[in-house]
Amino acid sequence: MKKQLLSIFFATFFCSFYAQNNSEIANVYINRANTAIEESIDYKEALDLFEKAMKYMDTVTKPSVADLGARIYYELKNYRQAQKYSKQYFLLAKNKKSETYQQQLELFVTIDEELKEQIERERILEEERIRKSKELKRIDSLKFIWKKTSMDMALKVDSVYNFNANNYALFSKEGKFGVINDKAEIILEAKEYTNAINFAGYFLLLNKSKEATKIYSFNTNSGTGILLPNPSDFNALSTHFGKVMLPRENGRLITYPNNSYEPLVFDLNQGKIVKISNKEDLMKDLKKNDVLRKYNKDGEVKVDKDWYLFGGHLGGGIYPLYVEGDYNVKAFLCSVDGTMLYADSKYDYIGSFHDNKAQAVKGDTISWVNQNGTKVSKAKDSKANYKGDSKVFKVEDGVYQILKNGVIINGDKKLEKLPEYLRKFQ
């Protein structure tokens with residue numbers, strides 16, 4: 001029993017001692033805080049000291065301490081804490097007539113006014129924050145809609161080539177070619193043709209770079225397309241179109257099918273194979289003009305001392321000649337003056353003659369010649385230069401957009417650029 005009483009005594013003693021010690025330490029910091037205000041008017045230093053004092057106090061029990069806390073927090077514009085200590089002061093103060101009480105009462109009213117104004121400012125700021133947050137969410141939503149719409153209107157292709165004067169262009173996707181107009185409308189999907197030729201307003205799409213067996217012609221002058229007949233429809237032994245020359249403005253296309261003693265002359269406008277209507281009359285005229293020495297009913301002609309297979313008409317009085325057993329052109333006869341352009345030394349292929357010139361090919365070299373085979377300047381593509389307002393814009397690899405006057409277009413659909421789009425909804 002004595003031991004228990006002794007333990008209680010010592011416990012009470014130490015608690016009292018430490019409580020007394022904490023109170024004394026707190027008073028030291030309180031005094032320093034008052035000094036910082038009185039001597040330096042340093043409320044930040046006073047706050048640091050006051051908060052250190054509070055660590056040693058369970059609660060404020062003196063009116064002077066509450067008064068000090070209220071004044072410090074007020075000067076530092078922490079009106080909520082200032083009001084807390086001001087209220088604590090009035091709970092502790094007994095002398096309502098003292099000067100300190102009156103000063104604290106005046107301070108309490110000021111704190112209350114400042115706090116109300118602060119709360120109102122905070123309310124306004126919070127409302128503005130919420131408004132801005134909602135606006136940002138709305139803008140993010142609009143951006144998402146715009147991006148989805150713009151991507152829906154975009155062209156998912158590998159490349160878009162230049163538009164021509166008729167507002168059409170070739171495009172490629174995964175190694176295939178197609179046709180598009182300057183409204184971003186796909187006219188022909190890129191699914192089958194691996195090579196393309198563009199000249200004089202005609203797009204030729206071939207299923208192979210060499211020895212094509214299928215050619216699709218899109219006439220940008222009329223906005224229509226046709227599939228050329230199979231090579232075998234022209235010549236039963238032909239399995240491919242062979243060398244394909246440039247189409248010309250008159251719509252004539254020349255190709256050199258395999259296993260054929262005659263080039264294929266095709267009218268791209270009328271969609272039909274062109275052949276000499278009365279070969280015998282032509283032969284008579286050529287013989288009469290001393291271009292040919294002889295000819296026979298088997299389609300053979302004699303030039304100088306040699307006989308050849310007559311290979312039709314390329315235009316401009318230029319005729320390809322073959323020899324039996326060799327499907328390669330032996331020579332080109334220029335009827336204007338009887339010049340012979342031998343394949344061995346001159347040209348392997350000559351295209352359709354138009355506007356006083358024809359395309360001529362020897363190996364990998366391309367030239368342009370007149371009616372007697374003399375080299376001339378390169379033929380100009382009159383349909384090459386685009387005059388419209390559409391522009392091709394690369395969004396990223398594999399994604400393109402067509403812009404007209406700064407607006408994204410796809411057929412009849414239009415979409416402003418993002419800044420203009422967002423301004424519409426302000």
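As the structure is a prediction and not an experimental result, all values here were calculated from the model. One is the number of the first residue; the rest follow in order along the sequence.
Salt-bridge formation is not detected for the pair Lys208/Glu211: no Lys NZ or Arg NE/NH1/NH2 atom is positioned less than 4.0 Å from an Asp or Glu carboxylate oxygen. In summary, Arg138 and Glu135 engage in a salt bridge, as defined by a charged side-chain N under 4.0 Å from a carboxylate O. A salt bridge links Asp67 with Arg71: the distance from a Lys NZ or Arg NE/NH1/NH2 to an Asp or Glu carboxylate oxygen falls below 4.0 Å.
The backbone N or O of Tyr79 lies less than 3.5 Å from no partner atom in the side chain of Gln118, so there is not a single donor-acceptor pair. In this structure, His313 contributes its side chain and Gly317 its backbone to a donor-acceptor pair below 3.5 Å. Side chain of Asn370 to backbone of Thr374: a donor-acceptor contact under 3.5 angstrom is found. Not a single donor-acceptor pair under 3.5 Å links the side chain of Ser86 to the backbone N or O of Gln83. A distance-only check finds no donor-acceptor pair linking the side chain of Tyr347 to the backbone of Ser367 [under 3.5 Å]. Thr35 places a side-chain N or O within donor-acceptor distance of the main-chain N or O of Asn31, the cut-off being under 3.5 Å. Between the Tyr202 side chain and the Leu253 main chain, no donor and acceptor come within less than 3.5 Å of each other. Formation of a donor-acceptor pair under 3.5 Å by the Asn34 side chain with backbone atoms of Ile30 is found in this model.
Pairs passing the salt bridge (Lys or Arg N to Asp or Glu O under 4.0 Å) check and including a residue from residues 262-271, sequence neighbours excluded, read Arg252-Asp267, Glu262-Lys275. Each salt bridge (Lys or Arg N to Asp or Glu O under 4.0 Å) pair with one or both residues in residues 221-242, not counting sequence neighbours, would appear here, but there are none. Residue pairs meeting the salt bridge (Lys or Arg N to Asp or Glu O under 4.0 Å) criterion with at least one partner in residues 78-96, sequence neighbours excluded, are Arg80-Glu122. Every pair passing salt bridge (Lys or Arg N to Asp or Glu O under 4.0 Å) that includes a residue from residues 171-197 is listed here, sequence neighbours excluded: Glu192-Lys214.
Applying the ring-ring contact (aromatic ring centres under 6.0 Å, His included) rule to Tyr168 yields the partners Phe218; only residues at least two apart in sequence or on another chain are considered. Phe425 is linked by a ring-ring contact (aromatic ring centres under 6.0 Å, His included) to Tyr421, counting only residues two or more places apart in sequence or in another chain.
Aromatic ring centroids of Phe90 and Phe108 lie under 6.0 Å apart. Annotation: Tyr193 is not in aromatic contact with Phe177 [ring centroid separation under 6.0 Å not met]. Centroid-to-centroid, the aromatic rings of Tyr216 and Phe203 stay 6.0 Å apart or farther.
If you check the side chains of Asn167 and Asn181, you find no donor sitting under 3.5 Å from an acceptor. Side chains of Thr100 and Ser98: no donor on one and acceptor on the other come within 3.5 Å. Judged purely by distance below 3.5 Å, without hydrogens or angles, the side chains of Thr213 and Asn207 pair a donor atom with an acceptor atom.
Among the candidates Asn235, Asn258, Leu237, the single residue satisfying the side chain to side chain contact (heavy atoms under 4.5 Å, CB included) test with Tyr327 is Leu237.
At a threshold of 4.5 Å between non-hydrogen side-chain atoms, the residues Leu142 and Leu418 do not count as touching. In this structure, Phe50 and Tyr29 have side chains that are not in contact, with every pair of non-hydrogen atoms separated by 4.5 Å or more.
Leu341 approaches Thr339 most closely through the heavy-atom pair CD2-CG2, 3.9 Å.
In this structure, Asn95 places its CG atom where more than 12 heavy-atom neighbours from other residues, nucleotides or ligands lie under 6.0 Å away. Within 6.0 Å of NZ in Lys362 there are more than 12 heavy atoms belonging to other residues, nucleotides or ligands. Counting heavy atoms of neighbouring residues, nucleotides and ligands inside a 6.0 Å radius, atom CD of Glu106 does not exceed 12 of them.
Note on ring orientation: taking the six-membered ring where Trp is involved, the planes of Phe163 and Tyr386 are tilted (angle from 30° to 60°). Using the six-membered ring where Trp is involved, Phe310 and Tyr319 have ring planes that are tilted, between 30° and 60° apart.
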For the pair Tyr308 and Tyr322, evaluate ring-ring contact (aromatic ring centres under 6.0 Å, His included) and give the outcome as yes or no after the intermediate values.
-> CA-CA 5 Å; Tyr308 301 93; Tyr322 296 77; 9.9 Å; no
